[in-house]
There are 2 protein chains.
Amino acid sequence: MHNKINNISVDCSILGFEDGALKILLIKRDKEPGLNLWSLPGSYVYMDEKIHIAARRVLNELTGIHDVYLSQVGIFDELNRYPSHRVVSILYCALVKPEILELIAGSHAKEVGWFNITNLHPLPFDHNKMIQMSLNWLKEEIWQKPILKNLLPNKFPLNQMQDLYQSILQTSIDNRNLRKKVISQGLVEKLDEKTKGGQQRPAYLYKFRT
Amino acid sequence: MHNKINNISVDCSILGFEDGALKILLIKRDKEPGLNLWSLPGSYVYMDEKIHIAARRVLNELTGIHDVYLSQVGIFDELNRYPSHRVVSILYCALVKPEILELIAGSHAKEVGWFNITNLHPLPFDHNKMIQMSLNWLKEEIWQKPILKNLLPNKFPLNQMQDLYQSILQTSIDNRNLRKKVISQGLVEKLDEKTKGGQQRPAYLYKFRT
DNA sequence: GCAAAAGTGTTGAGTGTACACCCATGC
DNA sequence: GCATGGGTGTACACTCAACACTTTTGC
């Protein structure tokens with residue numbers, strides 16, 4: 001039924017944000033080539049399956065979760081990118097909220113782990129390049145669409161949002177300017193609620209509008 | 001030698017600008033499916049060929065020309081987009097200067113023709129969608145990169161440039177504002193030369209910088 | 001009361017947009 | 001001299017970037 005197209009695959013770069021740092025989800029490969037190496041999750045595309053469906057399938061098999069933001073970011077087609085034969089891979093990037101992040105780590109389908117995206121060790125195939133492309137894609141998208149919604153909790157203090165911007169852009173941002181911007185643009189909305197349990201002054205929580 | 005990957009193809013949307021209108025190059029298909037229908041030029045990708053090379057090959061076979069601006073714009077993967085079997089197609093968009101435009105029309109490799117991009121008749125497969133995506137892509141790129149360079153002659157009056165902007169964006173633009181913008185940004189440079197042979201006041205010619 | 005993080009305003013530069021008339025040439 | 005397209009300037013609104021101190025809480 002589900003014949004593979006063995007020249008076309010998808011790979012997923014699954015990003016999350018925790019403890020002020022961007023993380024990526026890797027799996028320990030359970031087959032050759034690259035057995036036991038940490039790598040991006042991926043799969044061949046089936047003959048009767050649209051490509052983005054294949055990407056969702058990979059995500060679901062891995063996490064059991066459906067409502068994750070997913071976007072196509074590029075094509076990798078180096079002739080020798082995969083050792084055994086020619087495989088063209090379509091790269092997808094998924095963004096997951098912290099609420100789901102823990103859940104995924106606990107899944108027992110495969111051995112999975114969240115890795116800090118900075119100073120990541122070498123991965124097999126062209127997976128480091130793929131991650132680099134995901135980050136570049138994210139940098140571009142960040143000002144175009146309210147995409148950070150998918151990396152932040154439903155309620156968050158603005159400073160957490162600022163940390164996220166800074167992690168992605170790899171620069172520091174003026175807090176007054178950022179606050180003014182996201183509020184005046186109507187991107188976020190202040191709630192009647194504050195953080196508690198912190199060691200200092202509590203912060204107002206915000207949520208994304210729309 | 002050159003085995004086809006028969007699930008992966010490229011299609012090329014080749015755009016030009018002439019007589020104040022955007023045009024697209026179509027070929028009359030010389031094989032089934034769609035024999036004798038006008039359509040985008042395309043080809044399977046070979047096993048030992050990168051995808052963008054396949055796109056250039058299509059262009060070269062058709063026109064004999066090498067230095068054409070070419071960019072990947074999207075992937076088409078509807079299950080039934082091609083009648084006989086599953087083919088995933090990568091869409092490329094090429095931009096050609098008027099100097100080359102005539103030349104291509106005269107090539108005798110295949111029956112080719114330039115068509116006005118507005119009110120284009122229905123094309124086979126998903127080719128109308130592809131063209132639509134090319135136009136959307138062009139609209140986005142137009143302010144990001146000095147891409148119009150590839151659609152205008154080497155020397156051109158600013159009003160011609162304005163016509164091109166307007167054709168692409170499908171809106172009218174204030175000429176003072178546009179002139180100010182492209183000059184102050186250093187996008188174009190005034191030459192010591194004017195149009196001649198026109199029926200009215202000659203216009204200064206400009207060229208793209210870089 | 002003090003350490004630590006949260007929160008807040010103003011100014012200047014630059015950019016985008018709206019808008020209407022004179023200019024140079026061919027005929 | 002007139003029709004045709006070529007060319008020009010100003011004023012306002014908005015957006016962005018730079019910059020440092022006060023406030024609130026937990027301990």
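Keep in mind it's a predicted model, so treat the numbers as computed, not measured. Reminder, nothing fancy here: chain letters follow the sequence lines and each chain counts from 1.
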**Q.** Side-chain donor-acceptor pair present, B:Gln170, B:Gln166, cut-off under 3.5 Å
**A.** no
**Q.** For atom CD1 of B:Ile173 and atom P of D:dG7, their distance in whole Å
**A.** 17 Å
Q. With nearest nucleotides of DNA chain D determined for B:Ile183 and A:Arg176 from heavy-atom distances, which residue corresponds to the more 5′ nucleotide?
A. B:Ile183
Q) What integer distance in Å separates B:Gln162:CD from D:dT8:P? A) 13 Å
Q: Could you tell me the separation between the NZ atom of B:Lys194 and the C1' atom of C:dG26, rounded to a whole number of Å?
A: 14 Å
Please write out the pairs of protein N or O atoms and N or O atoms of nucleotides 13-17 of chain C separated by less than 3.5 Å, giving the distance to one decimal.
from   : atom 1 : to       : atom 2 : distance (Å)
C:dT17 : O4     : B:Lys180 : NZ     : 3.2

Q: Consider only side-chain N and O atoms of B:Lys97 and B:Asn150, and report whether a donor and an acceptor are under 3.5 Å apart.
A: no
(Q) Just to verify, which of A:Arg179, A:Lys181, A:Lys180 counts as forming a side-chain hydrogen bond (donor to acceptor under 3.5 Å, both in side chains) with A:Asn177? (A) A:Lys180
Q. Which residues satisfy the salt bridge (charged side-chain N to carboxylate O under 4.0 Å, His left out) test with A:Arg201, sequence neighbours excluded?
A. none
Q: Apply side-chain contact (heavy atoms from CB on, under 4.5 Å) to B:Glu189 and list each qualifying residue two or more places apart in sequence or on a separate chain.
A: B:Lys207, B:Arg209
Q) Atom CE of B:Met161 to atom P of D:dG7: distance rounded to whole Å? A) 14 Å
Q. Salt bridge (Lys or Arg N to Asp or Glu O under 4.0 Å): which pairs involve residues 8-19 of chain B, sequence neighbours left out?
A. B:Asp11-B:Arg81
Q: Not counting sequence neighbours, which residues clear side-chain contact (heavy atoms from CB on, under 4.5 Å) with B:Tyr165? List them please.
A: B:Ile142, B:Trp143, B:Leu148, B:Met161, B:Leu169, B:Ile173, B:Leu178, B:Val182, B:Leu187
Q: Starting at atom CG of A:Asp174, determine the distance to atom P of C:dT10, rounded to an integer number of angstrom.
A: 15 Å
Q: Could you encode protein contacts along nucleotides 2-7 of chain C as a string, one character per nucleotide from 5' to 3', using B for base contact, S for sugar-phosphate-only contact and - for no contact, with a heavy-atom cut-off of under 4.0 Å?
A: --BSBB
(Q) Here's a test for you: under side-chain hydrogen bond (donor to acceptor under 3.5 Å, both in side chains), which of B:His52, B:Gln72, B:Arg56 qualifies with B:Tyr92? (A) B:Gln72
